[in-house]
Amino acid sequence: MADTFQAPRGTRDILAPESERWHVLVARFAHAARQAGYRPVIPPMFEDLAVFQRVGESTDVVRKEMFLLEARDGDARQALRPEQTASVCRMFAQHRPATPWKVFYSGSNFRYERPQKGRYRQFDQVGAEVLGTDDPDVDVEIIALAWRFFEQIGLRQVSLQLNSLGDGEGRANYLASLREYFGVHVGALSAQSRETLSINPLRVLDSKRPEDGEIVAGAPRMVDHLSPQDRAHFDGVRAGLDALHIPYELTPRLVRGLDYYTRTTFEFASAALDAAQNAVGGGGRYDGLVADLGGPGVAGVGFALGVDRILLACDAEETFGPPPSAVDVFVVSTVAGTDALELTAELRAAGIGADRAFDSRSMKSQMKAADRSGARLALIVGSQELESGNVMLRPLRADTHQQLVPRVEVVARVRAALDATES
RNA sequence: GUGGUCGUAGCUCAGCUCGGUUAGAGCGCCAGGUUGUGGCCCUGGAGGUCGGGGGUUCAAGUCCCCUCGGUCACCCCA
């Protein structure tokens, strides 16, 4: 007996109609991004491990979730991408495009972690980045692009959380005061948070453990330690969001999981999803990353949105269903010969969506298939039609009668019938 | 990586507590009722190594152990 196989852990097969929503979602995002002057980039699925290590040696993504590739010569250190921002920055450092460089992308990322609903080892993101300017208006444009996209696909329960992590001296001062504060209260922290503290004190702020709640709530806040320049930048971002009427919540505890973030950080959370996996997207500014990857010292800002989670949120909000069938006409034939073959090909060549049955099934069976196809019209060829040089045009979604039409006029008659039933 | 929980037709689930003829239902699929017509209805059919392996027993879907997978929480993130 043959062995049976299943999709690897943390991956899944996406079949229609889910796969159809998926494609439409990505296409809608691409359209929105292109309308805002962003152009697509297609980075490789894997990179030198060192590229991803720049997202932060202290992050879980780098420390334990990397999909390493075993090279034939045994010493090439490469890994499947856990995200695409690092690749985009590497692309910039390599090709030095003119700035501002506005790009978008979509595709799979890989993280080796314990799967859950809405969290997979292979997961898809769409994202956009702007490199080469630190104008706060760009932060606003980036956030607005994601925000309008959520609106466009019908999500109403998404909220924007906003924070600034500062940079340079202000950031260093803040980290010092944070270490001091947690140092005093280390005994009251959970064991896990104590460990996190030694790796990256910032991330303790992100703890969801109840016993940490009080300590975290009383911790010093980055927004109180911003340098005058970073304060001005943050004020600029807020003013821009206000001008566009995009509501946001200031979330001082929002630190995000990647170490490269500076100044503006943000996250989109869906109230329609369970709390643990409610982030449908996030991003921020990363002004030092391109330089870390051997490029010029240019600023950058961007976001990534999780395709799987957006669709889960759409399910929860009952919006963005699968697209209607692309099949307009279903050809039914009970005669031997190439009539069904030719009719179907002729319709398709004329730009009319057409499908048919195979295996010489009974008319009843073929009509069932026609019904299921979602087509609005059935085109029936039987012996009577064949002899008289006609085909039977039968509406499937309307109460109007079927009619005989001359075979030679079929494309024009089908087109007229489709136009008539357009709603 | 840690802990909980679940796994029986393609799908959703009964049966397991208390081991005992050929493992069921609904939906879906196929065919017929209707020798030229889908949806509604009726009838029939196909489809299962009860996730996999081992153990206990005269006997295991049912009890025990291991394992794989889903799911939930933590960690972290999309």
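Both backbone and side-chain heavy atoms feed into the values below; hydrogens, waters and symmetry mates do not. Values in this document were obtained by computation on a predicted structure and should not be read as measured data. Below, read A as the first sequence line, B as the second, and so on, with proteins coming before strands; counting in each chain starts at 1.
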message: Quick check for you: among B/C76, B/G70, B/A78, whose closest atom lies nearest to any side-chain atom of A/R309?
response: B/A78

task: Look at A/D224 together with A/R221 and state whether they make a salt bridge at an N to O cut-off of under 4.0 Å.
output: yes

- prompt: Where do A/W101 and A/V41 land on the side-chain contact (heavy atoms from CB on, under 4.5 Å) test, with the steps shown first?
  reply: CA-CA 11 Å; A/W101 194 47; A/V41 288; 3.8 Å; yes

message: Looking at A/D292 and A/R54, is any side-chain nitrogen of the basic one under 4.0 Å from a carboxylate oxygen of the acidic one?
response: no

- request: May I ask you to say whether A/R309 pairs ionically with A/D315, meaning some side-chain N is under 4.0 Å from a carboxylate O?
  value: no

- request: Tell me what A/D308 touches on the nucleic acid: a base, only sugar-phosphate, or nothing, going by heavy atoms under 4.0 Å.
  value: nothing

task: Residues of residues 116-130 of chain A with any non-hydrogen atom less than 4.0 angstrom from an atom of RNA chain B: list those, numerically ordered, please.
output: A/Q116, A/K117, A/G118, A/R119, A/Y120, A/F123, A/Q125

message: Can you tell me the base-pairing partner of B/G44? Count Watson-Crick or G-U wobble geometry only, both distances below 3.5 Å, and say none if there is no partner.
response: B/C30

query: B/U37 C1' sits how many Å from A/Q403 CD, rounded?
result: 16 Å

statement: Taking a pair to mean Watson-Crick or G-U wobble geometry with both distances below 3.5 Å, B/A60 pairs with none

message: With hydrogens left out and only the distance checked, is there a donor-acceptor pair under 3.5 Å joining A/Q6's side chain and the base of B/G51?
response: no

- request: Could you tell me whether A/I310 contacts a base, only the sugar-phosphate backbone, or nothing, with contacts defined as non-hydrogen atoms closer than 4.0 Å?
  value: nothing

- prompt: Should B/G38 form a Watson-Crick or G-U wobble pair with both distances under 3.5 Å, which nucleotide is its partner?
  reply: none

message: Between the side chains of A/R285 and A/D134, is the shortest nitrogen-to-carboxylate-oxygen separation below 4.0 Å, so that they form an ion pair?
response: no

- prompt: Looking across every strand, which nucleic acid part, if any, lies under 4.0 Å from A/A279 by heavy atom: base, sugar-phosphate, or nothing?
  reply: sugar-phosphate

field: Euclidean distance, atom CG of residue A/L258 to atom C1' of B/A78 [Å, nearest integer]
entry: 11 Å

query: If you find the nucleotide of RNA chain B closest to A/V381 and the one closest to A/D60, which residue's nucleotide is nearer the 5' end?
result: A/V381

field: Strand partner of B/A23, provided both Watson-Crick or wobble distances fall under 3.5 Å
entry: none

message: Can you tell me the base-pairing partner of B/G7? Count Watson-Crick or G-U wobble geometry only, both distances below 3.5 Å, and say none if there is no partner.
response: B/C68

field: Atom-to-atom span, CG of A/N278 to C1' of B/C76 - whole angstrom
entry: 13 Å

message: Just to be sure I understand the rule, does A/E83 reach a base, reach only the sugar-phosphate, or reach nothing, if contact means heavy atoms closer than 4.0 Å?
response: nothing

task: Grab the CZ-P distance between A/R361 and B/G36 for me, whole Å please.
output: 19 Å

- request: Please state how far atom CD in A/Q161 lies from atom P in B/A78, giving the value in whole angstrom units.
  value: 13 Å

field: hbond_proxy A/Q402 side chain to B/U37 base (donor-acceptor, 3.5 Å cutoff)
entry: yes

task: Please say whether the positively charged group of A/R12, taken as NZ for Lys or CZ for Arg, lies over the ring of A/Y120, i.e. under 6.0 angstrom from the six-membered ring centre and within 45 degrees of the axis.
output: yes

query: NA contact type, A/E385, heavy-atom cut-off 4.0 Å: base, sugar-phosphate, or nothing?
result: base

query: In B/S/- notation, 5' to 3', how is nucleotides 38-44 of chain B contacted by protein heavy atoms closer than 4.0 Å?
result: BB-----

- line: Across every strand shown, the nucleotide meeting Watson-Crick or G-U wobble geometry with B/C75 (both distances under 3.5 Å) is none

message: Within this structure, what is the CZ-CD distance for the pair A/R111 and A/E83, rounded to the nearest 0.5 Å?
response: 6.5 Å

- request: Starting from C1' on B/C76, measure out to CD1 on A/I199 and report it in whole angstrom.
  value: 12 Å

B/C13 to B/G51 separation - P atoms, rounded to the nearest Å: 15 Å

query: Residues in side chain to side chain contact (heavy atoms under 4.5 Å, CB included) with A/D135, at least two apart?
result: A/T133, A/D137, A/V138

- request: Would you indicate what A/E113 reaches in the nucleic acid, counting non-hydrogen atoms under 4.0 angstrom: base, sugar-phosphate, or nothing?
  value: base

- prompt: Taking atom types as modelled and ignoring hydrogens, do the side chains of A/N109 and A/Q84 form a donor-acceptor contact shorter than 3.5 angstrom?
  reply: yes

- prompt: Quick check, are the ring centers of A/F266 and A/F268 under 6.0 angstrom apart?
  reply: yes

message: Exactly one of A/V216, A/V204, A/N163, A/D206 should register a side-chain contact (heavy atoms from CB on, under 4.5 Å) with A/R253. Which one does?
response: A/V216

message: Does B/A78 have its OP1 or OP2 closer than 4.0 Å to a side-chain nitrogen or oxygen of A/R256?
response: yes

task: Provide the distance between the two P atoms, one in B/G10 and one in B/C30, to the nearest whole Å.
output: 16 Å

- prompt: Quick one: does A/Q84 reach the base of B/A78 with a side-chain donor-acceptor pair under 3.5 Å?
  reply: no

query: OH/A/Y112 to CG/A/D60 distance, rounded to the nearest 0.5 angstrom?
result: 15.0 Å

query: What is the distance from NZ of A/K64 to P of B/C74, rounded to the nearest Å?
result: 14 Å

Under 3.5 Å on both distances, the Watson-Crick or G-U partner of B/C18: none

Sequence neighbours excluded and cut-off under 3.5 Å, please list the side-chain donor-acceptor pairs for residues 141-155 of chain A, or say none.
| from | atom 1 | to | atom 2 | distance (Å) |
| --- | --- | --- | --- | --- |
| A/E141 | OE2 | A/Y38 | OH | 2.7 |
| A/E141 | OE2 | A/K102 | NZ | 2.7 |
| A/W147 | NE1 | A/E151 | OE2 | 3.4 |
| A/R148 | NH1 | A/E151 | OE1 | 3.3 |
| A/R148 | NH2 | A/L244 | O | 3.0 |

field: Per-nucleotide protein contact string for nucleotides 4-12 of chain B (B base, S sugar-phosphate only, - none; heavy atom under 4.0 Å)
entry: ---------

field: A/R194 CZ to B/C75 C1', straight-line distance once rounded to whole Å
entry: 16 Å

- prompt: If we take the P atom in both B/G39 and B/C29, what is their distance in whole Å?
  reply: 10 Å

task: Could you note down all residue pairs passing side chain to side chain donor-acceptor pair (under 3.5 Å) where residues 325-338 of chain A supplies at least one of them, sequence neighbours left out?
output: A/T338-A/E342

